[in-house]
Amino acid sequence: MNIDYLAWHVSHELHTFVRRWSGELKPDNKPEIFCARKDLKDDYFSFSEFEDYMNQCLAGKFVSACPVVFSAGLKENQVAYAYLQAGDFYYLVGPVRFDSKVRLYYHIGEFEIPKSDFNAVFSSEFYFFCSNILLMCNLFRKEILTRDDIVYENCEEQIRDSEIMEEYSALIFERQELEEPHNPYEQEIRELTSIELGDIEMLKKSIGEDYLGKTGVLSKDELRNTKNLGIVVMTLASRAAIRGGLMPEISYSMSDVFIQKIEEMTDIVAIYTAIRQFEMEYAKLVAEIRKQDEKKSKEKQSIWVEASKEYIFKHLHEKIRVQEIADYLHLNSSYLSELFKQQESMTLTDFILQEKVKLTKNLLTYSPYSYIEIATYLGFSSQSHLGKVFKKYTDMTLRQYRERYGREQIQERRKAELISNE
């Protein structure tokens with residue numbers, strides 16, 4: 001590995017000095033310096049002062065597992081450095097400034113940095129600084145360090161496990177003494193499920209449920225607590241809406257707008273009202289999406305039904321089986337039959353036979369074909385078979401229908417009527 005390039009790379013990324021030396025901190029160490037900037041100064045404390053301070057504040061317990069990030073200078077113009085081990089070398093990276101306030105455990109040297117020199121120091125995001133430091137460390141490690149590791153080991157305002165458990169135990173004891181549990185989880189599930197389903201009535205009912213429990217306390221300030229609750233509800237509601245079919249980007253953007261509105265409000269009652277209103281907006285959008293999906297589904301189903309009819313009309317003169325239609329449409333025959341029945345209120349077989357009967361009526365009325373010829377033409381196994389089907393749907397035999405409605409019979413009846421009228 002080209003470790004010189006690594007040092008130069010970090011120096012260029014952070015526009016600052018990278019000092020490198022081998023062995024532990026000792027006065028006789030003479031670090032190698034990597035930095036291409038000519039306008040940057042860093043001679044406010046000596047390397048021996050740095051060594052004394054590090055040995056003192058770390059009490060000889062420095063472990064290379066995590067870099068040490070420390071500040072230097074006066075409060076109004078502080079800069080920061082990182083001290084770490086990477087492979088066989090130790091490094092001191094800095095100075096840099098941070099874009100936002102970062103309170104660090106370790107501080108060295110109460111010295112003043114001239115304004116011009118301070119302004120020349122590169123201003124970096126804390127996490128960007130950490131990313132470069134982690135690059136140097138993790139290239140030589142099996143177990144990966146993260147930014148959270150650096151924050152936890154170096155920043156003052158971190159909540160320790162002992163603090164969390166102490167406050168948790170006290171809160172549990174207080175709630176048990178006062179008999180003030182949270183509202184049941186089942187109610188929350190019903191509320192979010194109603195948004196996911198787009199069920200507005202169900203949402204109204206779940207919101208209106210009454211319990212002796214209380215909502216969570218997320219801040220000691222009542223107004224801040226109400227806003228925090230609103231943020232939580234919007235976060236959960238936005239995810240429920242996504243599960244219901246709302247596009248993630250739309251849901252996230254709505255959540256951003258709703259939370260910003262809540263942040264601007266100062267009336268606690270109005271905030272609660274707004275929270276419910278925003279939940280309703282999510283539910284309405286999901287309901288509309290589900291309605292559209294249902295409509296599309298029906299339209300798609302209608303396409304299959306119409307395609308089935310078209311196939312039947314083209315093959316009326318043949319023996320038509322439901323399975324043949326399903327194969328033609330690449331559908332399951334049971335699914336096609338059920339779909340057809342739902343839309344047409346009759347079975348697919350009934351529709352086929354009714355269409356054959358309609359054509360039979362036409363042939364009986366206007367053609368000279370015999371009954372057996374009509375039966376053969378329409379794919380029936382026999383004249384008897386056609387006769388049974390025809391009678392089932394018309395309550396007439398083939399002969400009765402032709403005698404009553406056949407064109408020749410009609411003409412003969414008209415002639416007879418004319419003769420009798422004379």
Side-chain angles (χ1 to χ4, degrees), residues 1-21 25 29-51 53-54 57 62 64 66-87 89-141 144-158:
M1 179 183 291
N2 190 335
I3 57 175
D4 285 355
Y5 175 77
L6 177 63
W8 280 113
H9 172 78
V10 173
S11 172
H12 277 269
E13 286 290 294
L14 298 176
H15 308 286
T16 192
F17 293 100
V18 174
R19 295 174 173 86
R20 182 180 74 189
W21 67 96
L25 285 168
N29 274 325
K30 292 185 179 179
E32 186 177 1
I33 298 176
F34 299 84
C35 185
R37 291 186 62 183
K38 303 299 182 184
D39 61 331
L40 184 63
K41 294 182 180 179
D42 189 33
D43 52 4
Y44 304 108
F45 65 90
S46 65
F47 188 74
S48 61
E49 287 177 314
F50 161 72
E51 175 236 338
Y53 178 77
M54 281 292 114
C57 70
F62 174 66
S64 61
C66 188
V68 175
V69 181
F70 63 93
S71 56
L74 299 177
K75 187 176 182 180
E76 57 271 16
N77 60 357
Q78 286 184 356
V79 291
Y81 299 81
Y83 170 44
L84 63 138
Q85 182 182 1
F89 291 92
Y90 289 86
Y91 293 85
L92 179 64
V93 181
V96 297
R97 290 184 287 141
F98 294 137
D99 292 345
S100 57
K101 181 70 174 179
V102 180
R103 297 183 61 181
L104 302 169
Y105 281 127
Y106 307 113
H107 182 77
I108 182 172
E110 293 294 328
F111 51 82
E112 183 175 355
I113 302 175
K115 186 174 182 181
S116 58
D117 293 347
F118 179 76
N119 290 337
V121 176
F122 175 62
S123 181
S124 166
E125 291 183 352
F126 178 69
Y127 280 159
F128 179 71
F129 176 76
C130 290
S131 295
N132 280 274
I133 302 305
L134 289 170
L135 173 65
M136 301 181 74
C137 293
N138 287 329
L139 285 176
F140 299 91
R141 292 177 54 83
I144 302 300
L145 288 171
T146 67
R147 294 184 304 188
D148 289 342
D149 294 324
I150 294 181
V151 171
Y152 190 82
E153 294 295 335
N154 293 280
C155 296
E156 284 188 9
E157 296 183 349
Q158 300 302 311

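Using a 3.5 Å distance cut-off with no hydrogens or angles, the side chains of D149 and T146 do pair a donor with an acceptor.
When atom types are taken as modelled, the side chain of H107 and the backbone of G73 share a donor-acceptor pair closer than 3.5 angstrom. A donor-acceptor pair under 3.5 Å is absent between the side-chain atoms of S11 and the main chain of A7, judged by distance alone. Within the 3.5 Å criterion, the main-chain N or O of I113 finds a donor-acceptor partner in the side chain of N77. Between the side chain of N154 and the main chain of C66, no donor-acceptor pair closer than 3.5 Å is present.
Of the inter-residue distances, the one linking S123 atom OG with F128 atom CZ reads 11.5 Å to the nearest 0.5 angstrom. Note: I133 CD1 to N138 CG = 11.5 Å, rounded to the nearest 0.5 Å. Note that CG of L145 and SG of C137 are 6.0 Å apart. Values are rounded to the nearest 0.5 Å. With rounding to the nearest 0.5 Å, the separation of CZ in F34 from CG in D4 is 4.5 Å.
Side-chain contact between F126 and C155 is present, with at least one heavy-atom pair separated by less than 4.5 Å. Within the 4.5 Å cutoff, the side chain of E153 has no heavy atoms near those of the V69 side chain. With a 4.5 Å cut-off on side-chain heavy atoms, F129 and T16 do not count as touching. Looking only at side-chain heavy atoms (C-beta outward), Q78 and L104 stay at 4.5 Å or farther from each other. Residues S124 and N132 have side chains not in contact (no heavy-atom distance under 4.5 Å, counting atoms from C-beta outward). Between F140 and Q85 there is no side-chain heavy-atom pair separated by less than 4.5 Å. Residues Y91 and P31 have side chains not in contact (no heavy-atom distance under 4.5 Å, counting atoms from C-beta outward). Under the 4.5 Å side-chain criterion, counting only non-hydrogen atoms from C-beta, V151 is not in contact with V102.
Applying the side-chain contact (heavy atoms from CB on, under 4.5 Å) test between R20 and each of L92, I33, I3, L6 identifies I3 as the sole match.
Across A120 and L40, no two heavy atoms sit closer than the pair O-CD1, 4.0 Å. Contact detail for M136 and V93: the closest heavy-atom pair is SD-CG2, 4.0 Å. Taking every heavy atom of both residues into account, E13 and F122 meet most closely at O-CE2, 3.9 Å. Scanning all heavy atoms of the two residues, the minimum distance from L134 to R147 falls at CD1-N, 3.5 Å. Among all heavy-atom pairs drawn from R19 and G94, the shortest one is NH1-O, 3.8 Å.
Ring geometry, Y81 versus F70: the interplanar angle falls under 30°, so the pair is classed parallel (tilted spans 30 to 60°). Classification of the W21-Y83 ring pair by plane angle, with boundaries at 30° and 60°, yields parallel.
Counted within 6.0 Å of CD on E125, heavy atoms from surrounding residues, nucleotides or ligands total 12 or fewer; the atom is thus considered open.
Both tests hold for R97 against F118: distance to the six-membered ring centre under 6.0 Å, angle to the ring axis within 45°.
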